Structures are given as C-alpha cells and as structure tokens.
Asker: 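Mind having a look at this structure? Questions to follow.
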Amino acid sequence: PSRLVVHDARMQADMINMFMNHHDFVFDAVFSEDANNDMVYEGTASTLVKRAMNGGHATVLMYGQTGSGKTYTMNAIYQRAAEEIFAASPSRS
C-alpha cells in the first residue's frame with residue numbers, strides 16, 4: 001500500500017497560536033500524473049467488470065477535489081467497461 005501524510009497548519013481560536021493537524025491516508029494503489037486512462041482502467045475497474053460479468057457485484061467510486069479529472073476518467077472507464085462487456089458477449093444476429 002502507498003501512504004500519504006498531509007500536515008495541515010491551523011490557527012487556534014485565539015488567532016495567536018498555531019497548531020498542526022496530521023492526516024494519514026493509505027491507498028491500495030496510486031497512479032502518477034503520467035498514467036493514462038487505459039492504465040487506470042486496467043489497474044482498477046477491469047477486474048471488477050470481469051467479476052460482475054461472472055455474476056458478482058462491483059462498485060467503482062471516484063473521490064477527489066473538484067476539477068481533478070474524476071468525470072473525465074470515469075467517462076473513460078465507462079467506455080472501456082462497455083467495450084469489454086460487449087466484446088465478451090455472444091454476438092446477436
């Protein structure tokens with residue numbers, strides 16, 4: 001797992017003294033800013049799509065700061081999931 005610690009400087013209510021909050025986040029995987037949508041799909045949703053096609057249940061949840069690209073990435077995941085599902089489906093004449 002990958003770990004990220006955010007040190008957040010805050011001001012006390014007296015507006016004189018400062019204090020530090022520490023937020024510790026642990027991730028199963030982290031993608032660099034150079035990762036493309038294919039890499040993200042293969043590293044996350046592809047396994048879940050296969051599980052769902054075999055009768056299981058799966059959820060992909062996107063969480064992050066506004067403007068960070070969640071909608072762009074999720075649309076790419078939808079497209080790749082649909083392609084994978086239809087490619088595995090028996091053809092209909």
Side-chain angles (χ1 to χ4, degrees):
S2 299
R3 181 173 178 230
L4 170 70
V5 178
V6 176
H7 306 288
D8 181 19
R10 297 285 178 115
M11 186 69 74
Q12 294 280 2
D14 63 12
M15 298 301 285
I16 296 171
N17 298 301
M18 294 187 71
F19 66 98
M20 188 75 69
N21 277 337
H22 306 282
H23 306 281
D24 195 0
F25 301 94
V26 179
F27 303 94
D28 293 331
V30 176
F31 297 94
S32 77
E33 61 191 37
D34 297 323
N36 63 31
N37 287 327
D38 289 326
M39 294 166 66
V40 173
Y41 180 76
E42 287 301 321
T44 58
S46 181
T47 302
L48 300 175
V49 170
K50 288 175 179 64
R51 180 180 299 156
M53 290 190 314
N54 288 318
H57 299 280
T59 300
V60 175
L61 174 71
M62 302 287 283
Y63 180 81
Q65 181 176 345
T66 299
S68 63
K70 296 176 300 296
T71 301
Y72 175 82
T73 302
M74 202 63 214
N75 284 338
I77 288 175
Y78 291 150
Q79 177 184 350
R80 284 155 181 80
E83 290 169 357
E84 189 168 353
I85 291 166
F86 285 111
S89 297
S91 63
R92 297 182 180 175
S93 303

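Side chains included, hydrogens not; waters and symmetry mates left out as well; all remaining heavy atoms used. From a predicted model like this one, the values you see are computed outputs, not experimental measurements.
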Asker: Could you list all the salt bridge (Lys or Arg N to Asp or Glu O under 4.0 Å) pairs where at least one residue sits in residues 50-67, not counting sequence neighbours?
Answerer: Lys50-Glu84
Asker: Under the side-chain hydrogen bond (donor to acceptor under 3.5 Å, both in side chains) rule, collect the residues that match up with Asp38, sequence neighbours excluded.
Answerer: Arg80
Asker: Flag yes if Val30 and Val40 sit in one hydrophobic cluster, no otherwise; membership is Ile, Leu, Val, Met, Phe, Trp, Tyr, and two members link when side-chain heavy atoms are under 4.5 Å apart.
Answerer: no
Asker: Hey, any chance Met53 and Ile77 share a hydrophobic cluster, counting ILVMFWY side chains that come within less than 4.5 Å of each other, even indirectly?
Answerer: yes
Asker: Show me the pairs that pass ring-ring contact (aromatic ring centres under 6.0 Å, His included) and involve residues 6-28, at least two apart or across chains.
Answerer: His7-His22
Asker: List, by chain and then residue number, the residues other than Val5 in its hydrophobic cluster (Ile/Leu/Val/Met/Phe/Trp/Tyr, side-chain heavy atoms under 4.5 Å); write none if there are no others.
Answerer: none
Asker: Just to verify, what does Ala9 make a side-chain contact (heavy atoms from CB on, under 4.5 Å) with, not counting sequence neighbours?
Answerer: Met18, Met20
Asker: Could you tell me which residues satisfy salt bridge (Lys or Arg N to Asp or Glu O under 4.0 Å) with Glu42, sequence neighbours excluded, listed by chain and number?
Answerer: none
Asker: Can you tell me if CE on Met11 sees more than 12 non-hydrogen neighbours from other groups inside 6.0 Å?
Answerer: yes
Asker: For Lys70, give me all partners under salt bridge (Lys or Arg N to Asp or Glu O under 4.0 Å), at least two apart in sequence or on another chain.
Answerer: none
Asker: Which residues satisfy the side-chain hydrogen bond (donor to acceptor under 3.5 Å, both in side chains) test with Asn17, sequence neighbours excluded?
Answerer: Asp14
Asker: Apart from Val26 itself, which Ile, Leu, Val, Met, Phe, Trp or Tyr residues share its cluster (side-chain heavy atoms under 4.5 Å, direct or through members)?
Answerer: none
Asker: Check the surroundings of atom CD in Gln65: do more than 12 heavy atoms from other residues, nucleotides or ligands lie under 6.0 Å from it?
Answerer: no
Asker: Who passes side-chain hydrogen bond (donor to acceptor under 3.5 Å, both in side chains) against Asp8, sequence neighbours left out?
Answerer: Arg10
Asker: Output every pair passing salt bridge (Lys or Arg N to Asp or Glu O under 4.0 Å) with a member in residues 24-35, not counting sequence neighbours, ordered by first then second residue.
Answerer: Arg3-Asp24
Asker: Say whether Val49 and Met39 are linked into one hydrophobic cluster, either directly or through other cluster members, by side-chain heavy-atom distances under 4.5 angstrom.
Answerer: no
Asker: Got a second to check how far Thr73's OG1 is from Asn37's CG, nearest 0.5 Å?
Answerer: 5.0 Å
Asker: Write out all pairs satisfying ring-ring contact (aromatic ring centres under 6.0 Å, His included) with one or both partners inside residues 30-88, taking only residues at least two apart or from two chains.
Answerer: none
